[in-house]
Amino acid sequence: MERAKAKAVLEAILFTMGDSVEIDRLAEVIEEDVKTVREILDEMARDYLSDDRGIGLTTLDNAVQLCTKGELYEYLVKIAKTPKKNVLTDTLLETLSIIAYKQPVTRLEIEKVRGVSCDHAVNKLLEFDLITEVGRLDAPGRPLLFGTTEQFLRSFGVKSIEDLPELNPVQIEEFKLQAESEVQMQLDI
């Protein structure tokens with residue numbers, strides 16, 4: 001394997017693994033002897049010493065690992081402390097509104113209203129802490145029941161579920177028509 005390609009492969013492996021990798025394993029992968037791999041890793045380590053590089057190569061016994069340069073740690077802390085902004089797609093908003101207005105509600109009940117599977121949407125809403133499992137329905141299979149959280153109330157600026165705006169009958173009919181057209185589009189595919 002040519003030297004530049006070997007460096008690229010080693011860098012890709014170390015980046016992807018995110019942990020230390022034994023040098024003999026790296027040698028097996030690129031089909032070179034351990035001495036050659038050590039030489040290539042030494043070259044890579046020298047390349048990483050440049051001021052315009054944000055990572056370095058750390059050697060631990062007979063293993064190596066890509067690591068962030070210590071002097072850049074303060075920047076990592078800034079990005080790690082920045083709250084991640086969750087984006088609510090139309091599908092997530094539709095699912096969330098069904099849960100908010102019909103809670104406690106099962107996945108099956110949500111799917112009946114939406115007309116399509118809601119697994120992904122429910123899982124994302126759980127991840128965003130906008131809904132939570134509130135118990136199980138006393139029915140065969142004991143399906144999970146979902147309801148909104150305090151985070152939902154804070155995010156939408158309401159003090160309680162009773163403060164949610166009333167849905168007028170025209171909107172409800174429009175929602176039903178949209179759900180039916182979604183189902184029809186799924187069937188046409």
Visitor: Quick check: closest heavy atoms across E74 and E71, and the distance to 0.1 Å?
Guide: OE2-O, 4.3 Å
Visitor: Would you give the length of the straight line joining atom CZ of R114 to atom OG of S97, rounded to the nearest 0.5 angstrom?
Guide: 9.0 Å
Visitor: Does the side chain to side chain donor-acceptor pair (under 3.5 Å) test come out yes or no for N62 and R38, once each step is laid out?
Guide: CA-CA 10 Å; N62 288 317; R38 285 185 188 278; 3.0 Å; yes
Visitor: If we only count heavy atoms from C-beta on, is the Y73 to T68 side-chain gap below 4.5 Å?
Guide: no
Visitor: Between L14 and Q65, is any pair of side-chain heavy atoms under 4.5 Å apart?
Guide: no
Visitor: So, for A121 and T95, which heavy atoms are closest and what is the spacing to 0.1 Å?
Guide: CB-OG1, 3.4 Å
Visitor: Indicate yes or no for a side-chain donor-acceptor contact from E109 to the backbone of T106 under 3.5 Å, with no hydrogens or angles considered.
Guide: yes
Visitor: Would T149 and Q151 count as a side chain to side chain donor-acceptor pair (under 3.5 Å) if you check the C-alpha gap in whole Å, the side-chain angles of each, and the deciding distance to 0.1 Å?
Guide: CA-CA 5 Å; T149 63; Q151 179 61 37; over 6 Å; no
Visitor: Are V87 and L92 close enough that some pair of their side-chain heavy atoms sits under 4.5 Å apart?
Guide: no
Visitor: Under the rule for salt bridge (Lys or Arg N to Asp or Glu O under 4.0 Å), what residues qualify as partners of E28, not counting sequence neighbours?
Guide: none
Visitor: When you look at NZ of K69, are more than 12 heavy atoms from neighbouring residues, nucleotides or ligands closer to it than 6.0 Å?
Guide: yes
Visitor: Can you tell me how far apart NZ (K112) and CD1 (I110) are? Round to the nearest 0.5 Å.
Guide: 12.0 Å
Visitor: With a 4.5 Å limit on heavy-atom distance, are the side chains of K159 and L153 in contact?
Guide: no
Visitor: Can you measure from OG (S155) to CG (L88) and round to the nearest 0.5 angstrom?
Guide: 8.0 Å
Visitor: Report the distance from atom CG of L57 to atom OH of Y48, rounding to the nearest 0.5 Å.
Guide: 6.5 Å
Visitor: Which heavy atom in I23 sits nearest to a heavy atom in V34, and how many Å separate them?
Guide: CG2-CG1, 3.9 Å
Visitor: In the structure I gave you, are the side-chain heavy atoms of I55 and L72 within less than 4.5 Å of one another anywhere?
Guide: no
Visitor: Return the minimal non-hydrogen interatomic distance between F146 and E133, and the atom names on each side.
Guide: CE2-CG, 3.7 Å
Visitor: With D47, which residues qualify under salt bridge (Lys or Arg N to Asp or Glu O under 4.0 Å), at least two apart?
Guide: K7
Visitor: Is it true that E32 and R3 make a salt bridge, defined as a side-chain N closer than 4.0 Å to a carboxylate O?
Guide: no
Visitor: Backbone N or O of R142 within a donor-acceptor pair of the R136 side chain at under 3.5 Å?
Guide: yes
Visitor: Are the side chains of I131 and V122 in touch, meaning some heavy atoms are under 4.5 Å apart?
Guide: yes
